[in-house]
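Reviewing the structure listed below.
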Amino acid sequence: MSDLVPLFQPKSVALIGASSNPKKYGYWTAKSLIENGFDGDVYLISRSGGELFGHTTYPDITAVPGEVDLAIIAIAPAHILPVMEQCVEKGVKCAIVVSTGFGETGPEGKELERKMLEIARKGNMRVQGPNCMGTYSAAKNMNASIIDLAPGPMSLVLQSGNFGIDINFNAKSRNLGYNCWATIGNQMDMRFHDFVEYVEADDNTKVLLLYMEGLRVESEEDGRKFIEAAQKTAAKLPIAAIKIGRSAAGARAAASHTGSLAGSEKVFDAALRQAGIVRVDSPGQLLDAAEAFSKCKPAKGKRIAVLTDGGGHGVMATDFAEKYNLEAPVLSAASQEKLREILMPHCPIKNPVDLAGTPEADMWVFDRCLDVLLKDPDVDGIIIVGLYGGYADLSEEFRSLEMDVAKSMVDKIAAGDKPVVMHSIYWPQHPECLEYISENGVPVFGDVDAAVRTMGILSQYSDIKKSLKEEADKELPDMPADRKEQAAAILDAVKASGRTNLVETEARNVLRCYGLDIAEDYLATTADEAAEFYGKLGGKVVMKIVSPDILHKTDAGGVALNIDSAEKARETYEQLVRNGRTYKADADIFGVMMTSMLPGGVECIIGSSHDNTFGPTVMFGLGGIFVEILKDVAFRVAPVNMPSCRSMIREIKGLGMLQGARGTKPRDLEALAETVCIISQLVNELREIAEVDLNPVFALEKGLSIADARIILHG
């Protein structure tokens with residue numbers, strides 16, 4: 001059982017800092033608790049004494065005669081520590097600290113939070129906040145906040161109280177309410193993952209909404225707990241989130257391509273996707289998603305049908321469909337035949353289905369055409385766009401007809417198994433028939449874009465559930481049993497030498513420990529050795545300078561290709577060393593690595609960087625211009641299994657390059673997925689690694705070849 005049960009289902013609540021002053025938080029909260037009819041005992045704690053809202057007040061919580069599950073603390077920070085001690089003494093299970101002036105103010109406030117948490121943990125008391133606006137629970141008629149909240153199908157967890165006011169204002173206009181509602185403030189103790197875990201077991205929540213500024217993390221495990229909790233919950237019910245901070249300002253500098261491409265925002269976005277969360281961009285979009293998830297049947301696929309009484313709106317909807325990863329295929333011959341029996345010959349029926357002026361003669365064409373589309377097995381969802389709701393302006397007869405047709409359509413939609421959303425230019429006027437449709441299971445929008453985007457969100461969640469089920473499979477490539485011990489010995493030797501950069505020969509050996517197929521290489525320390533090693537390799541050879549002080553070998557003139565003789569190997573060795581000394585006079589040069597030239601293929605990059613919130617990550621993308629300019633890459637938090645790695649590869653925009661573009665043959669996507677998967681396991685097991693950069697990796701028709709490898713340790 002979640003230890004947040006006493007927070008959302010308390011049998012008793014004590015408000016510490018209750019006040020008779022209508023300008024104080026303690027007054028507003030007491031009023032809200034009592035007037036909303038909390039289903040349990042309310043104890044008001046006030047040093048002023050007397051009664052408040054008909055309730056006796058107590059001087060402190062230890063004077064309360066009964067047990068207290070939940071304490072709401074609304075007092076100044078200067079008095080908080082002894083009150084926390086009293087709560088622990090009383091056996092309080094959860095506390096909400098609504099007061100401000102803690103960690104958000106600086107080091108002193110953070111130290112105060114540390115002491116508060118130390119006290120709370122002595123009594124196993126969980127703490128929400130501080131610096132928050134409280135909690136709401138429909139199950140207990142408990143409004144422990146200062147916002148006027150109503151019951152409904154949503155649960156909302158957010159970091160901003162002002163955002164809570166914003167969302168609630170607009171939710172009311174849609175007749176949407178909450179099952180659970182919580183502002184978590186500074187996340188001193190209770191964090192997002194705690195609330196996500198609680199909602200997973202709550203059968204009365206139809207959709208979970210999150211407003212996120214970031215995850216408070218003491219260690220990367222906090223971020224990983226959030227992903228784990230969200231994956232479990234998203235498999236049961238949809239989660240939609242706003243995460244602010246998309247700008248590039250949060251990206252950190254790094255010594256590898258992978259690190260510079262990661263940035264906190266790019267990784268956070270990938271983590272949300274990995275967690276099964278639908279990400280939206282605004283409060284309006286968040287409520288659009290909430291309304292659709294709480295009203296509509298689940299989507300089973302991407303194929304939509306558009307029903308319209310105006311060609312322009314129909315074409316616009318099909319244009320938006322592509323934008324939101326939906327398909328608007330030509331309807332089956334069987335459906336077209338049925339529609340032809342209903343509509344006039346001039347009406348387009350392939351998709352969109354355009355009523356083209358027929359509703360004025362027969363309003364019931366909406367209903368009959370909708371029935372055909374609902375019964376079409378090749379249609380996964382229906383979007384109605386246009387002018388419905390405005391025919392009432394023509395006459396009273398049309399007003400009555402619109403309502404009758406609306407009732408029939410609602411009945412058919414309720415009996416069907418497909419999501420239906422609606423657009424009408426008249427929705428801002430809220431005509432009676434559209435109000436009826438909205439109140440009975442069909443979201444209505446005043447904007448075509450919003451209607452199609454919302455259908456796209458329903459389809460996206462369908463994909464998420466499928467992916468979560470697939471990615472629950474623990475399929476991994478074969479890897480040597482002693483891989484971690486063998487690789488750790490290499491890393492220990494590097495650290496013992498005072499370095500954080502592995503030279504390429506060391507990096508290649510680490511990869512070999514994990515079973516990756518790396519071409520044979522030799523480290524020449526003299527020109528004579530270079531000539532000798534060429535004799536062992538033969539053919540065409542690549543030579544690279546090996547120095548922990550020269551990370552970017554090409555910039556230093558430290559790479560030579562197509563060496564085809566022992567004499568050339570001898571000359572090239574001397575030239576590469578000279579170039580290295582010119583580039584950095586005091587560079588510690590270990591020698592020159594020699595290995596056979598690899599066959600060319602589609603250039604890819606595989607790597608890893610360490611994220612402050614989630615820990616080690618793994619990245620895949622196309623190399624060359626795709627990574628340098630377009631940054632066409634996919635991230636995941638490591639480790640990931642094979643199904644997830646296959647998804648990463650399918651995610652990049654340049655996938656066609658790997659599937660066989662312009663007459664080229666397809667590349668070995670499975671070999672790429674295996675390598676990504678192995679790197680994810682490697683960085684998860686060897687946490688001292690900060691960054692891995694395999695670039696380029698040549699994707700071949702069968703297998704792949706790793707042309708360059710870089711590994712950097714944490715400093």
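None of the values given here were measured: they were computed from a predicted structure.
- Legend: residues meeting ring pair (Phe, Tyr, Trp, His ring centres under 6.0 Å) with Y583, ordered by chain and number and at least two apart, are absent.
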Worksheet item: side-chain contact (heavy atoms from CB on, under 4.5 Å) between I227 and H193: does it pass, once the steps are laid out?
Response: CA-CA 8 Å; I227 293 177; H193 67 83; over 6 Å; no
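- Between K544 and D708, at least one side-chain N (NZ, or NE/NH1/NH2) sits under 4.0 Å from a carboxylate O, which counts as a salt bridge.
- In this structure, the separation between CG on L713 and CG on N501 is 8.0 Å, given to the nearest 0.5 Å.
- Environment of NZ in K584: crowded, with over 12 heavy atoms of neighbouring residues, nucleotides or ligands closer than 6.0 Å.
- With a 6.0 Å radius and a threshold of 12 heavy atoms from other residues, nucleotides or ligands, E228 has its CD atom at or below the threshold.
- K236 NZ: more than 12 foreign heavy atoms inside a 6.0 Å radius.
- Minimum interatomic distance between C513 and A487 (heavy atoms only, all atoms of both residues): SG-N, 3.7 Å.
- The heavy-atom pair separating M188 from L117 by the smallest distance is O-CD2, 3.7 Å.
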Worksheet entry | Test log, rule side-chain hydrogen bond (donor to acceptor under 3.5 Å, both in side chains), inputs R508 and T505 | CA-CA 5 Å; R508 290 163 71 93; T505 50; over 6 Å; no
Practice prompt. Let me see the working for D194 and R126 under salt bridge (Lys or Arg N to Asp or Glu O under 4.0 Å), right down to the final yes or no.
Written response: CA-CA 10 Å; D194 293 303; R126 298 302 309 272; 3.0 Å; yes
Practice prompt. Go through the steps for L70 and K93 under the test side-chain contact (heavy atoms from CB on, under 4.5 Å), then give the verdict.
Written response: CA-CA 6 Å; L70 174 63; K93 298 179 180 70; over 6 Å; no
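- Distance check: I490 CD1 to N509 CG gives 5.0 Å after rounding to the nearest 0.5 Å.
- What you find for H610 and P616 is that their closest heavy atoms are CD2-N, 3.9 Å.
- Considering all non-hydrogen atoms of both residues, S155 and D202 come closest at OG-OD2, 4.4 Å.
- Within a 6.0 Å sphere centred on NZ of K469, other residues, nucleotides and ligands contribute 12 heavy atoms or fewer.
- In this structure, Y461 and P238 approach most closely via the heavy-atom pair OH-N, 3.3 Å.
- E213 and S160 are not linked by any side-chain donor-acceptor pair at a separation below 3.5 angstrom, with hydrogens and angles left out of the test.
- In this structure, CE on M154 lies 13.5 Å from CZ on F293, to the nearest 0.5 angstrom.
- A side-chain donor from one of N186 and E113 sits under 3.5 Å from a side-chain acceptor of the other.
- One distance of note links CE of M133 with OG of S145; it measures 8.5 Å at 0.5 Å rounding.
- Taking a cutoff of 4.0 Å between a charged side-chain nitrogen and a carboxylate oxygen, E475 and R646 qualify as a salt bridge.
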Worksheet entry | Derivation and outcome, salt bridge (Lys or Arg N to Asp or Glu O under 4.0 Å), residues E265 and K243 | CA-CA 9 Å; E265 169 57 20; K243 161 62 173 68; 3.7 Å; yes
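- Annotation: D478, atom CG; neighbour count of heavy atoms from other residues, nucleotides and ligands within 6.0 Å does not exceed 12.
- No option in V157, T183, I184, I96 other than I96 meets the side chain to side chain contact (heavy atoms under 4.5 Å, CB included) test with T135.
- Of the residues listed (C645, C604, C677), the one engaging L672 in a side chain to side chain contact (heavy atoms under 4.5 Å, CB included) is C604, and it is the only one.
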Worksheet entry | Pair Y211-I244, side-chain contact (heavy atoms from CB on, under 4.5 Å): steps then yes or no | CA-CA 8 Å; Y211 166 80; I244 64 170; 3.4 Å; yes
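- Of the N and O atoms on the side chains of N179 and T205, at least one donor lies less than 3.5 Å from an acceptor on the other residue.
- Inter-residue side-chain proximity for E651 and F620 is flagged as unmet; no heavy-atom pair is nearer than 4.5 Å.
- Ring centers of F268 and F614: under 6.0 Å apart, within the cut-off.
- Minimum interatomic distance between V196 and T233 (heavy atoms only, all atoms of both residues): O-OG1, 3.0 Å.
- Within a 6.0 Å sphere centred on CG of D588, other residues, nucleotides and ligands contribute more than 12 heavy atoms.
- For the atom pair OG (S608) and CD (E691), the distance works out to 8.0 Å, reported to the nearest 0.5 Å.
- With respect to E118 and R114, a salt bridge is recorded, a charged nitrogen being found less than 4.0 Å from a carboxylate O.
- For E108, the CD atom is loosely surrounded, since the number of other residues' heavy atoms within 6.0 Å does not exceed 12.
- The aromatic rings of F195 and F8 sit perpendicular, their planes meeting at an angle over 60°, well past the 30° parallel limit.
- The pair E504-R710 fails the salt-bridge criterion, with no side-chain N (NZ, NE, NH1 or NH2) lying under 4.0 Å from an Asp/Glu carboxylate O.
- Under a 4.0 Å N-O distance rule, the pair R483/E685 qualifies as a salt bridge.
- Taking 4.0 Å as the cut-off between side-chain N and carboxylate O, R191 and E197 do not count as a salt-bridged pair.
- The side-chain heavy atoms of M212 and L272, taken from C-beta on, include a pair separated by under 4.5 Å.
- Using a 4.0 Å cut-off between a side-chain N of Lys or Arg and a carboxylate O of Asp or Glu, E506 and R499 qualify as a salt bridge.
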